[in-house]
Amino acid sequence: MNQLRQWSSQIVEHRAFQPTIISLIVINAIIVGLESYRGLYDAYGDWFIRIDTIILTIFALEIVIKLIAARPTTNFFKDGWNVFDFLIVASSFIFMGSPFVTVLRILRVIRVFRTISMIPSLKKIVNALIMTLPSLGTILILLSIMFYVFSVMGTFLFRDVAPEYFGNLQLTLLSLFQIITLESWASNIMRPIQEEFWWSWIYFVTFILSGVFIVLNLFVGVIVNNFEKIEKMENDELTEGDDLQEEVYLLRQEIKDLKDAVKEK
């Protein structure tokens with residue numbers, strides 16, 4: 001068992017292991033994309049299925065090798081990214097015989113997300129987003145309050161002029177969402193209303209300034225701040241690792257000096 005675990009560790013730590021898995025993920029993504037062309041799938045559907053089966057088998061072997069290499073095995077599931085990979089591969093096998101073809105194809109596309117767990121820089125970004133979630137909750141509450149206030153105001157002010165955009169609360173919320181994306185808000189929404197109410201620009205400009213340039217920038221600020229925290233934590237870990245190596249080196253040197261002193265006596 002120890003020999004098998006050592007052999008598995010050598011495979012996992014080999015420099016070609018991770019690039020190989022990433023290449024297979026990319027190939028899997030390309031195959032699933034080609035399947036969306038009905039003519040290609042009708043002509044080469046059997047080949048697509050065979051290649052997908054081979055790739056899925058390799059992914060399963062990868063998970064097994066990582067499980068064996070983990071010391072103890074339960075440590076494999078302590079890493080959230082390992083659990084993520086395990087669930088994606090396991091679900092592919094669970095639904096393999098399913099009559100729901102759409103579910104199978106969606107699961108095969110979802111395997112592309114494994115790229116995140118294989119590339120450290122992507123993992124860092126996702127970890128920063130996860131750390132941001134508690135702060136984003138507060139920002140979302142602020143954004144929701146702002147949306148609600150402007151929605152009620154917009155419905156009362158413009159429902160008679162533009163009922164297709166401000167006819168009721170739901171339509172107004174949808175219109176404000178379009179406005180906050182800055183997509184065709186001036187030509188399609190604001191200018192027709194401005195022909196009836198010249199002062200309506202105050203409402204729209206105030207909403208955009210408070211929504212886009214203040215609240216949404218808070219999202220970016222929080223994410224950047226957490227990204228810097230993760231980088232600092234990683235740098236601190238590297239520094240601690242270097243200090244530990246230096247202490248081990250000094251300790252070995254002291255032991256060597258003691259041995260030499262004993263031999264001399």
Side-chain angles (χ1 to χ4, degrees), residues 1-36 47-96 104-133 223-224 226-246 248:
M1 185 64 183
N2 289 333
Q3 188 175 358
L4 180 62
R5 180 166 286 172
Q6 186 177 0
W7 176 75
S8 301
S9 298
Q10 289 175 353
I11 293 177
V12 172
E13 294 170 3
H14 195 277
R15 62 182 181 180
F17 181 78
Q18 190 164 327
T20 302
I21 299 300
I22 293 174
S23 301
L24 288 172
I25 293 170
V26 173
I27 293 171
N28 176 76
I30 293 171
I31 294 297
V32 176
L34 291 174
E35 286 183 23
S36 64
W47 282 102
F48 287 146
I49 292 172
R50 288 171 191 164
I51 294 171
D52 181 70
T53 304
I54 292 170
I55 291 173
L56 182 57
T57 303
I58 295 172
F59 286 163
L61 288 173
E62 174 213 353
I63 298 296
V64 171
I65 291 171
K66 283 184 174 180
L67 277 167
I68 296 171
R71 300 179 184 178
T73 305
T74 52
N75 281 348
F76 176 85
F77 295 100
K78 290 181 179 179
D79 188 342
W81 290 108
N82 288 339
V83 175
F84 178 75
D85 292 342
F86 180 84
L87 290 175
I88 289 177
V89 176
S91 59
S92 298
F93 279 102
I94 291 169
F95 291 97
M96 183 172 283
L104 286 172
R105 288 178 177 172
I106 289 172
L107 286 172
R108 288 160 69 184
V109 173
I110 288 175
R111 288 182 216 159
V112 181
F113 281 118
R114 290 203 59 211
T115 312
I116 299 172
S117 65
M118 302 301 295
I119 300 176
S121 57
L122 290 179
K123 286 173 65 175
K124 190 184 296 184
I125 293 173
V126 174
N127 287 333
L129 289 173
I130 292 172
M131 286 180 63
T132 305
L133 289 177
I223 291 170
V224 170
N226 285 327
F227 190 76
E228 290 176 351
K229 283 182 181 178
I230 289 176
E231 284 194 331
K232 186 176 183 299
M233 288 166 59
E234 289 182 354
N235 291 334
D236 290 343
E237 287 177 1
L238 288 174
T239 304
E240 288 177 4
D242 293 339
D243 292 342
L244 183 61
Q245 288 181 355
E246 187 177 351
V248 170

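Every value quoted in this text rests on a predicted model; they were computed, and no experiment measured them.
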Report the residues that fulfil side chain to side chain contact (heavy atoms under 4.5 Å, CB included) with Leu67, sequence neighbours left out, ordered by chain and then residue number.
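For Leu67 the side chain to side chain contact (heavy atoms under 4.5 Å, CB included) partners, ignoring immediate neighbours, are Ile63, Thr73, Phe76, Phe77.
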What do the steps show when you test Asp52 against Phe48 for side chain to side chain contact (heavy atoms under 4.5 Å, CB included), and what is the final call?
CA-CA 6 Å; Asp52 181 70; Phe48 287 146; over 6 Å; no
Distance check, rounded to the nearest 0.5 Å: [X] atom [atom1] versus [Y] atom [atom2]?
X     : Y     : atom1 : atom2 : result
Ile31 : Ile55 : CD1   : CD1   : 6.0 Å
Ile54 : Ile49 : CD1   : CD1   : 12.5 Å
Gln6  : Gln10 : CD    : CD    : 5.5 Å
Ser9  : Lys66 : OG    : NZ    : 12.5 Å
Ile65 : Ile58 : CD1   : CD1   : 10.5 Å
Asn28 : Ser23 : CG    : OG    : 12.5 Å

With side chains defined as the heavy atoms from C-beta onward, is the minimum distance between Phe59 and Ile21 less than 4.5 Å?
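In contact.
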